[in-house]
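Down below is the structure, laid out as structure tokens.
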Amino acid sequence: MSGAGARLTAMTRFAIDAGIALRLVSDGRTPTAPHSLVGPAVLRTDALETLYRDVRAGRLTDAEGRRLLDGIATLKIRLLGDRVSRANAWRIAVRLDAHDTRLAEYLAVATLQADVLVTDDPELRAAAESGGVPLGSFDDLLR
């Protein structure tokens, strides 16, 4: 647990990014019940892009990439892309003076729907810390 006062309870809602989702699927792990996962709808696209790049670069076989992509499709996670999430992402992107809204979408969902954000992405962690978004660790998902 780190960041701006992460609030972990017996039932924590974790916002995660594509990297954490892929790590869960790759490791064959799931959050401990009754914890739940949320993320922006763009998470699936980010996972697809990451896996495709890894296959193209030879870090994964095509079969491995497709298996992990299927794992993302079956991961129990609530993906959000509603009007309120998009409007908050827009405001966050403006505040961050970001060149696009990708990180802001993760932050918006974390702010609106989660107790903590879990990411290994240094840029997303820094943006979360600057905006007062509580951060958790991968291990927190499994406690």
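FYI, the numbering just counts along the sequence from 1. All values reported here derive from a predicted model rather than from experimental measurement.
Across every non-hydrogen atom of R102 and D100, the tightest pair is N-OD1, 3.1 Å. Considering all non-hydrogen atoms of both residues, G65 and L60 come closest at CA-CD1, 4.3 Å. Residues M11 and P34 come closest through the heavy atom pair CG-O, 3.5 Å. In terms of heavy-atom proximity, A104 sits nearest to A93 at CB-N, 3.6 Å. Scanning all heavy atoms of the two residues, the minimum distance from G136 to V116 falls at N-CB, 4.1 Å. Minimum heavy-atom separation, S85 to A108: O-CB, 3.6 Å.
The line from CG of L43 to CG of L48 is 11.5 Å long, rounded to the nearest 0.5 Å. Atom OG1 of T111 is separated from atom CZ of R91 by 10.5 Å, given to the nearest 0.5 angstrom. To the nearest 0.5 Å, atom OH of residue Y52 and atom OG1 of residue T45 are 15.0 Å apart. Note that the CG atom of N88 and the CG atom of L107 stand 10.5 Å from one another [nearest 0.5 Å]. With values rounded to the nearest 0.5 angstrom, S130 atom OG is found 12.5 Å from R125 atom CZ. Between T101 atom OG1 and W90 atom CH2 the span is 8.5 Å, to the nearest 0.5 Å.
Under the 4.5 Å side-chain criterion, counting only non-hydrogen atoms from C-beta, L68 is in contact with S26. Annotation: side chain of P134 is not in contact with side chain of L117 (no heavy-atom distance under 4.5 Å). Side-chain contact between V118 and L135 is absent, with no heavy-atom pair separated by less than 4.5 Å. Within the 4.5 Å cutoff, the side chain of V38 has no heavy atoms near those of the F14 side chain.
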Pairs of donor and acceptor atoms involving the side chains of residues 72-80, under 3.5 Å and at least two apart or interchain, shall be tabulated with distances.
from	atom 1	to	atom 2	distance (Å)
T74	OG1	D70	O	3.4
T74	OG1	G71	O	3.2
R78	NH1	Q113	OE1	3.2

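Within 6.0 Å of CD on E49 lie more than 12 heavy atoms contributed by other residues, nucleotides or ligands. Atom CZ of R59 has more than 12 heavy atoms from other residues, nucleotides or ligands within 6.0 Å.
The closest donor-acceptor contact from the side chain of R143 to the backbone of T32 lies at 3.5 Å or more, if one exists at all. Checked by atom type and distance alone, the side chain of H35 pairs as donor or acceptor with a backbone atom of T12 at under 3.5 Å. A donor-acceptor pair is defined here as one N or O able to donate and one able to accept, closer than 3.5 Å; such a pair exists between the side chain of E64 and the backbone of T61.
Ion pair D62/R66 flagged as a salt bridge, since at least one NZ, NE, NH1 or NH2 atom sits closer than 4.0 Å to an Asp/Glu carboxylate oxygen. R23 has a carboxylate O that lies under 4.0 Å from a charged side-chain N of D120, or vice versa, which qualifies the two as a salt bridge.
In this structure, a donor-acceptor pair under 3.5 Å is present between the side chains of T119 and D17. Side-chain atoms of D46 and Y106 form a donor-acceptor pair, as typed in the model, at a separation below 3.5 Å.
No chain of hydrophobic side-chain contacts below 4.5 Å, direct or via other Ile, Leu, Val, Met, Phe, Trp or Tyr residues, connects V109 to F138. Following chains of ILVMFWY side-chain contacts shorter than 4.5 Å, one can reach L37 starting from L142, so the two form part of one hydrophobic cluster.
Other residues sharing a hydrophobic cluster with V84 under the 4.5 Å side-chain heavy-atom criterion for ILVMFWY residues are L112.
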**Asked** Under the side-chain contact (heavy atoms from CB on, under 4.5 Å) criterion, do I20 and L141 qualify, and how do the steps go?
**Response** CA-CA 10 Å; I20 295 298; L141 292 169; 3.7 Å; yes
